[in-house]
Number of protein chains: 4
Amino acid sequence: MARKVGSTGAETAQRVREAALELFARSGYAAVSMRAIAAEIGVQAGAIYNHFPTKQDLLKELLTGHMETLIAAWRAVEQPDLKPPQALEAFVRFHIRYHLDRSREVFISYMELRNLEDENFGQIEQLRRDYERIPWTILENGSADGSFDIIDPQVTTMAMIAMLTGMTTWYRDSGRLSLDEIEAIYIRLVARMVRGRKRSL
Amino acid sequence: MARKVGSTGAETAQRVREAALELFARSGYAAVSMRAIAAEIGVQAGAIYNHFPTKQDLLKELLTGHMETLIAAWRAVEQPDLKPPQALEAFVRFHIRYHLDRSREVFISYMELRNLEDENFGQIEQLRRDYERIPWTILENGSADGSFDIIDPQVTTMAMIAMLTGMTTWYRDSGRLSLDEIEAIYIRLVARMVRGRKRSL
Amino acid sequence: MARKVGSTGAETAQRVREAALELFARSGYAAVSMRAIAAEIGVQAGAIYNHFPTKQDLLKELLTGHMETLIAAWRAVEQPDLKPPQALEAFVRFHIRYHLDRSREVFISYMELRNLEDENFGQIEQLRRDYERIPWTILENGSADGSFDIIDPQVTTMAMIAMLTGMTTWYRDSGRLSLDEIEAIYIRLVARMVRGRKRSL
Amino acid sequence: MARKVGSTGAETAQRVREAALELFARSGYAAVSMRAIAAEIGVQAGAIYNHFPTKQDLLKELLTGHMETLIAAWRAVEQPDLKPPQALEAFVRFHIRYHLDRSREVFISYMELRNLEDENFGQIEQLRRDYERIPWTILENGSADGSFDIIDPQVTTMAMIAMLTGMTTWYRDSGRLSLDEIEAIYIRLVARMVRGRKRSL
DNA sequence: AATGAATGAGGGTTCATTCAT
DNA sequence: TATGAATGAACCCTCATTCAT
């Protein structure tokens with residue numbers, strides 16, 4: 001059969017991405033079949049191959065897309081002139097909000113790395129290191145100019161990212177605390193980790 | 001063919017557990033076949049079914065086994081008379097050491113929960129909540145007796161666990177810092193989160 | 001590989017049906033593998049699943065197809081105005097000829113009922129009862145109008161059907177008697193069972 | 001483990017036979033596993049092999065056992081001096097009663113012949129022909145001495161056996177007619193087939 | 001005589017992928 | 001661009017059978 005009226009290639013590709021994202025996040029890459037993705041958007045499995053050469057490419061595109069968008073999103077909001085305390089707070093806010101809005105992308109970014117073939121894996125790892133360098137640089141700067149008292153910038157960076165990202169696994173809209181409240185708590189926790197004071201962070 | 005000379009059921013079951021643990025951690029539950037597990041220990045796939053009724057049961061046993069052993073291990077080392085600062089330090093040391101020794105178990109405990117069927121999932125979730133109550137109780141106690149100044153016990157608990165557990169994803173024996181050094185850093189970071197002082201924590 | 005040039009789904013489905021019929025009749029449902037059916041028609045086992053969702057569905061379709069075709073075939077040849085003796089003779093001729101032409105369908109209809117799951121089983125049972133009602137009605141009519149002297153219409157119906165159908169298990173083209181001769185004998189036997197006379201049956 | 005207290009080889013073999021008979025009749029030879037038979041009598045599958053060399057041998061023994069017992073049972077009750085009409089009535093009574101009591105054996109005798117390997121198959125076929133010769137001889141004798149008016153002894157024999165045996169597929173203890181009543185009806189039907197009269201059969 | 005652990009083969013079914021249409 | 005039919009490999013699991021114990 002020919003293309004459905006009104007559908008375009010770009011549209012279909014986008015719907016495939018969205019369906020794959022949802023299903024990979026819910027069940028895991030290995031447990032999701034191309035047929036399941038296709039069924040989710042009402043096409044046959046074969047149709048996906050007009051847009052993505054293999055299932056692996058689909059995963060890779062989701063992961064690189066996420067990392068690139070993440071970094072680009074930070075570049076869009078970052079204010080290079082901020083002092084380290086303010087820069088750190090901005091980063092924490094950004095990270096929490098961004099990751100909560102993309103919890104599926106975050107989840108598969110951590111979970112499905114091992115399902116990437118070597119070359120693709122290396123590419124994502126590099127992007128991740130690029131992103132981790134953002135808070136690490138802020139911590140280094142704050143350490144250098146005396147605004148922070150940091151035990152170890154690298155360990156603190158990793159600890160902080162793990163702490164912040166972990167929120168996506170337990171945060172619920174209907175929970176005891178609002179997102180604003182949780183965000184405020186996390187900002188204070190980070191401040192303590194770098195021995196800042198809330199007012200001065 | 002019949003049983004190999006000298007083999008016993010308990011031994012084989014244990015070797016299956018170990019191989020499955022390793023492979024699930026490396027590639028993920030869905031991506032590991034029963035044949036692959038069997039090959040790892042030099043038997044045919046069918047032999048596994050003498051010891052585990054299904055692949056799902058094998059996963060479930062690994063996960064419940066891990067959580068139960070984890071909790072039991074804490075019970076074995078905990079000193080109920082410790083003041084909160086000392087109790088918290090003991091918990092941090094325990095958690096880091098235990099999780100680093102069992103990074104594979106930790107990894108699949110977080111990764112493969114979604115591959116558990118509903119009933120099994122609920123069982124594990126309960127065990128996890130049981131474990132999380134341990135540091136949460138310490139924080140509550142320390143908050144009550146004034147040894148800690150905690151922003152929010154629940155959020156702090158989750159943040160702390162995420163931070164500590166995250167170490168398993170990046171720690172390497174050959175890294176810049178020794179385990180002792182990293183442990184010391186994490187203890188100080190936790191101390192800051194509860195606004196203790198290192199000397200008094 | 002993709003579809004072979006010139007192949008269509010309907011064709012393949014029909015070839016699967018024919019191969020399954022032959023093999024089920026020869027070896028029994030449980031003893032025939034999907035791979036064996038596929039090999040018979042020169043495709044891979046997986047291809048069958050494009051046309052039948054499960055092996056059980058394939059069996060069910062053969063059995064319901066047979067019963068429905070059987071009943072439809074009778075409806076096509078029956079002459080409602082015939083007197084009971086002529087109607088009974090017409091039915092006997094029909095049953096013998098039809099069942100001999102479809103000895104494989106007949107065989108699996110009797111043999112493989114137990115391999116049907118409950119719902120499918122019930123459906124076939126109903127169709128069978130529908131068919132049995134045909135001769136039973138003729139006997140009842142002939143009993144009512146005095147053309148037959150029947151001991152018990154229900155038992156006679158079952159006895160007659162068993163007797164006629166049994167022929168498919170021993171009839172051979174190369175046997176002592178031709179089909180016409182056997183048919184004539186069976187008509188006379190039935191006539192005796194209802195105490196008709198050959199000339200008046 | 002050693003033998004259970006009180007069990008003997010002969011006992012176990014008999015329990016295997018009984019369990020296999022029941023399960024083969026219910027589900028068919030190919031669909032019943034050695035494990036299922038073993039479970040039915042509370043032993044492990046391996047134990048069966050102390051009593052029967054293969055699954056095929058088990059089936060063969062059931063079938064030959066049935067046919068031999070059937071023929072021996074007839075030999076035990078037959079009265080060689082009876083006139084054909086009385087002999088035929090005696091045979092009908094015997095066949096109905098015997099087959100109804102052994103409906104499972106009868107069923108698998110007809111169903112599972114095809115699951116026998118060639119040599120075993122031939123053996124059973126011979127026994128069946130031996131049994132069929134019993135009514136056939138009675139009909140021949142009655143034909144010869146004028147007590148019967150038979151259309152064709154061979155076809156009549158097959159028709160009669162099919163008719164009588166078919167009863168096992170629909171008879172229910174709780175049905176409309178008692179076994180005695182059904183038996184009486186069948187005797188009259190057979191009498192009509194050989195053109196005897198009830199009183200003279 | 002029975003268990004329990006194992007084999008090697010094969011079961012039904014699903015899968016990623018291909019390609020004629 | 002999409003379908004639908006096909007492949008060939010793989011999957012989980014079960015099987016008949018064997019044999020050390």
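In what follows, chains are A, B, ... by sequence order, proteins preceding strands, each numbered from 1.
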Self-check item: Residues which pass side-chain hydrogen bond (donor to acceptor under 3.5 Å, both in side chains) with Gln126(B), listed by chain and number, not counting sequence neighbours
Solution: Arg129(B), Asp130(B)

Quiz item: Quick one: are Met67(A) and Thr64(A) in side-chain contact, heavy atoms under 4.5 Å?
Solution: no

Quiz prompt | Thr168(D) side, atom OG1; Arg102(D) side, atom CZ - distance, nearest 0.5 Å | solution = 13.5 Å

Quiz item: Do Arg35(B) and dA10(F) share a donor-acceptor pair, side chain to base, under 3.5 Å?
Solution: no

Self-check item: Distance, rounded to the nearest Å, where Asp57(B) contributes CG and dC12(F) contributes P
Solution: 14 Å

Quiz item: Of all residues at least two apart in sequence or in a different chain, which pass the side-chain hydrogen bond (donor to acceptor under 3.5 Å, both in side chains) check with Thr54(D)?
Solution: Asp57(D)

Practice problem: Would you kindly give the CE-to-P distance between Met34(B) and dC12(F), to the nearest whole Å? | Solution: 7 Å

Please output the side-chain donor-acceptor pairs of residues 19-29 of chain A that fall under 3.5 Å, not counting sequence neighbours, one pair per line with the distance.
{"unit_1": "Glu22(A)", "atom_1": "OE1", "unit_2": "Arg104(A)", "atom_2": "NH1", "d": "2.7"}
{"unit_1": "Glu22(A)", "atom_1": "OE2", "unit_2": "Arg26(A)", "atom_2": "NH2", "d": "3.2"}
{"unit_1": "Tyr29(A)", "atom_1": "OH", "unit_2": "Gln56(A)", "atom_2": "N", "d": "3.2"}

Quiz item: Taking only residues at least two apart or on different chains, which pairs with a member in residues 32-63 of chain C satisfy ring-ring contact (aromatic ring centres under 6.0 Å, His included)?
Solution: none

Exercise. Can you run down the ring-ring contact (aromatic ring centres under 6.0 Å, His included) pairs that involve residues 108-127 of chain B, sequence neighbours left out, and say none if there aren't any?
Key: none

Self-check item: Position toward the 5' end of DNA chain F (nearest nucleotide), Arg15(C) or Ala45(D)
Solution: Arg15(C)

Self-check item: Partners meeting side-chain hydrogen bond (donor to acceptor under 3.5 Å, both in side chains) with Glu125(C) (sequence neighbours left out)
Solution: none

Quiz item: Rounded to the nearest Å, what distance is computed from the CD atom of residue Glu117(B) to the C1' atom of nucleotide dC12(F)?
Solution: 13 Å

Quiz item: Think Thr12(A) has a side-chain N or O under 4.0 angstrom from the OP1 or OP2 of dT1(F)?
Solution: no

Practice problem: Please identify each residue that fulfils side-chain hydrogen bond (donor to acceptor under 3.5 Å, both in side chains) with Asn50(D), with sequence neighbours left out. | Solution: none

Practice problem: With a 4.0 Å heavy-atom cut-off, tell me which residues in residues 47-56 of chain B come close to DNA chain F, sorted by residue number. | Solution: Tyr49(B), Thr54(B), Lys55(B)

Quiz item: Given axes from five pairs at either end, by how many degrees does the helix from dA2(E)-dT21(F) to dT21(E)-dA2(F) bend, rounded to 10°?
Solution: 0°

Exercise. With sequence neighbours excluded, tell me which residues meet salt bridge (charged side-chain N to carboxylate O under 4.0 Å, His left out) with Glu105(D).
Key: none

Quiz prompt | Pairs satisfying side chain to side chain donor-acceptor pair (under 3.5 Å), at least one member in residues 34-45 of chain A, at least two apart | solution = none

Quiz item: Where along residues 23-33 of chain B does a heavy atom fall under 4.0 Å from DNA chain F?
Solution: Val32(B), Ser33(B)

Self-check item: Integer-rounded Å distance: dC15(F) P and Ile37(D) CD1
Solution: 11 Å

Self-check item: Short side-chain N/O contact to dA2(E) OP1/OP2 from Gln44(D), under 4.0 Å
Solution: no

